[in-house]
Amino acid sequence: MAKNTPQAIRGTQDMLGETAERFQHVVEVFDRVRRLYGFGRVEVPVFEATAVFARSLGETTDVVSKEMYSFEDRGGDSLTLRPEFTAGIARAYLTNGWQQHAPLKVATHGPLFRYERPQKGRFRQFHQLDAEIIGAAEPAADVELLVMADQLLKELGIADGVTLQLNTLGDSATREAWRAALVKHFEAHRGELSDDSQERLARNPLRILDSKDRQDRPIADAAPSIDDVMSDEAAAFFAQVTTGLDAAGAKWERNARLVRGLDYYRHTAFEFVTDRLGTQGTVLGGGRYDGLIEALGGPETPAVGWAAGIERLAMLIGVPRPDPVELVLIPQDSEMQTLATEILAHFRSDQSDGDAIIADMAFSGSPKKRYDKARKSGALRVLNVEQPVGAGGIGNLRIRDLKPVDEYDEQDVVRKRLRTFLSAKFEFVMNDRVFELKARKS
RNA sequence: GCGAUCGUAGCUCAACCGGUUAGAGCACUGGCUUGUGAUGCCAGGGGUUGCGGGUUCAAGUCCCGUCGAUCGCCCCA
């Protein structure tokens, strides 16, 4: 271990090989699905004025003061690395006049930063997929977002282990009534609650509902349901959401204890949850945040959105099988490297007859080592580039299959293209399957 | 912020109740065999056992601290 090398920052990760491929696969599938649903790409800055996040998070001072990466820049302004996408997108919506595009359907993905203790599936720099519909008050927007999330998980092949838990927080009147009823209920059982939950009662009473403490469970389970205080309007909204999900074939499960801490959340709240990731089981979550844009000083603007942890999704999917290397060129020695480079460049760029070919070159070690390396890489074929025998030649080429041919390609475009290329550039003869390059055509 | 477990070559790990030159596989380098070859053979480089202190005749092994990792609590926008 190098003593002088600075270490990676706690909670950050370096990804290579399979881990990186998994990550990339999630992003690619998301990008494809998001287009199917007509969500445009949006790019927003990785850092913003601290106020963007502080205001959107409102009174939850713990989160703002302890769990954000905030710093002063050289001009003395307080900046913060984004801990979420929504606030930044909402800010962009306001500062760029994107109201003109409402309802705006946008998607993005990238790194986010939270100063938290790392654990399974939780990092300080982590990555999310994100989708938002801004300026749509209709339940159809909620449905669209949920169905897209559902399809994403299906296309990633992880829908089986994941369930959509759905709830409504009602309109603001319902939400207030529910909150009051909960506080009353928990006050009555104050003494039986865990210490943590007694704290929550003062700060964030809704959170007692999803407490993990065994002591709290009976009291939380006996708490009044939002359904008891739901307004007709809120109930109708929720019914339209569930009807839409059913129509689209998205399975869901009511979880009346699913809540959101912040006050601007209204109506739909949801999480796609798995039990395969230990305690950090939420894989995708979101809801309707009709009050957020006002909190940022904008006009009353209804909106819905969700975000999903890329790392968590990546842990759940099967191993992506990247396209194999079709051909590895093996120059026999350094003198044959130039010829190999010429042929290699052709394979990698030629698209006259379909896609270019994934090709590589093994250029270090003895010929034996090069061959072994090519074989271990999982490449399908090898092209040896050898010194010409006898005088006057340019080089000898011999192509060899490393795997049974029927496993990958009966047409063998690679051989076909090699022959075409050689015919155009060289005078050559075939001798016992070896291309003997005699001279260059000019 | 709190708790538990862990920290040995580049990587994955081994080393009986503390005991003498800390081992193996993979990877890397060189060579042999092969002479167109699939997990063949030989050799080599590489570790002050995360770091700092302590106990002991003796510490990778025990104790304290520190840093890091993992899992959980809190939090979860």
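Within every chain, numbering begins at 1; the chains are lettered A, B, ... in the order of the sequence lines, protein sequences first and strands thereafter.
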| field | For Met315(A), all residues meeting side-chain contact (heavy atoms from CB on, under 4.5 Å), sequence neighbours excluded | value | Leu277(A), Arg312(A)
| query | Which part of the nucleic acid, if any, lies within contact of Glu67(A), taking any heavy atom under 4.0 Å across all strands shown: a base, the sugar-phosphate backbone alone, or nothing? | reply | base
| said: Applying a 4.0 Å non-hydrogen cut-off, can you work out what Arg55(A) is touching in the nucleic acid: base, sugar-phosphate, or nothing? | reply: nothing
| Partners of Ser334(A) by side chain to side chain donor-acceptor pair (under 3.5 Å), sequence neighbours excluded? | none
| message | I'd like to know whether CZ of Phe426(A) has more than 12 heavy-atom contacts from other residues, nucleotides or ligands below 6.0 angstrom. | response | yes
| Secondary-structure stems for RNA chain B, with pairs counted as Watson-Crick or G-U when both distances are under 3.5 Å and runs at least 3 long | B:1-7 with B:67-73, B:10-13 with B:23-26, B:28-32 with B:40-44, B:50-54 with B:62-66
| request: Could you tell me whether Gln128(A) contacts a base, only the sugar-phosphate backbone, or nothing, with contacts defined as non-hydrogen atoms closer than 4.0 Å? | output: nothing
| What's the closest nucleotide to the Glu386(A) side chain, out of rC71(B), rC76(B), rU36(B)? | rU36(B)
N/O contacts under 3.5 Å, protein versus nucleotides 24-30 of chain B?
{"residue": "rA27(B)", "atom": "OP1", "partner": "Lys376(A)", "partner atom": "NZ", "Å": "2.9"}

| Touch check for Gly278(A), heavy atoms < 4.0 angstrom, all strands: base, sugar-phosphate only, or nothing? | sugar-phosphate
| task | Look at the rings of Phe270(A) and Phe272(A) and say which category their plane angle falls in: under 30° parallel, 30 to 60° tilted, over 60° perpendicular. | result | perpendicular
| message | Please enumerate all residues that pass side-chain contact (heavy atoms from CB on, under 4.5 Å) together with Phe47(A), with sequence neighbours excluded. | response | Leu79(A), Leu81(A)
| query | What nucleic acid atoms does Asn384(A) come within less than 4.0 Å of, heavy atoms only: base, sugar-phosphate, or nothing? | reply | base
Please enumerate all protein N or O atoms sitting under 3.5 Å from an N or O of nucleotides 65-69 of chain B, with distances to 0.1 Å.
{"residue": "rA69(B)", "atom": "OP2", "partner": "Arg10(A)", "partner atom": "NE", "Å": "2.7"}
{"residue": "rA69(B)", "atom": "OP2", "partner": "Arg10(A)", "partner atom": "NH2", "Å": "3.0"}

| said: Say we look at rU8(B) and rG45(B): how far apart would their P atoms be, to the nearest angstrom? | reply: 23 Å
| Roughly, in whole Å, what's the span from NZ in Lys368(A) to P in rG31(B)? | 14 Å
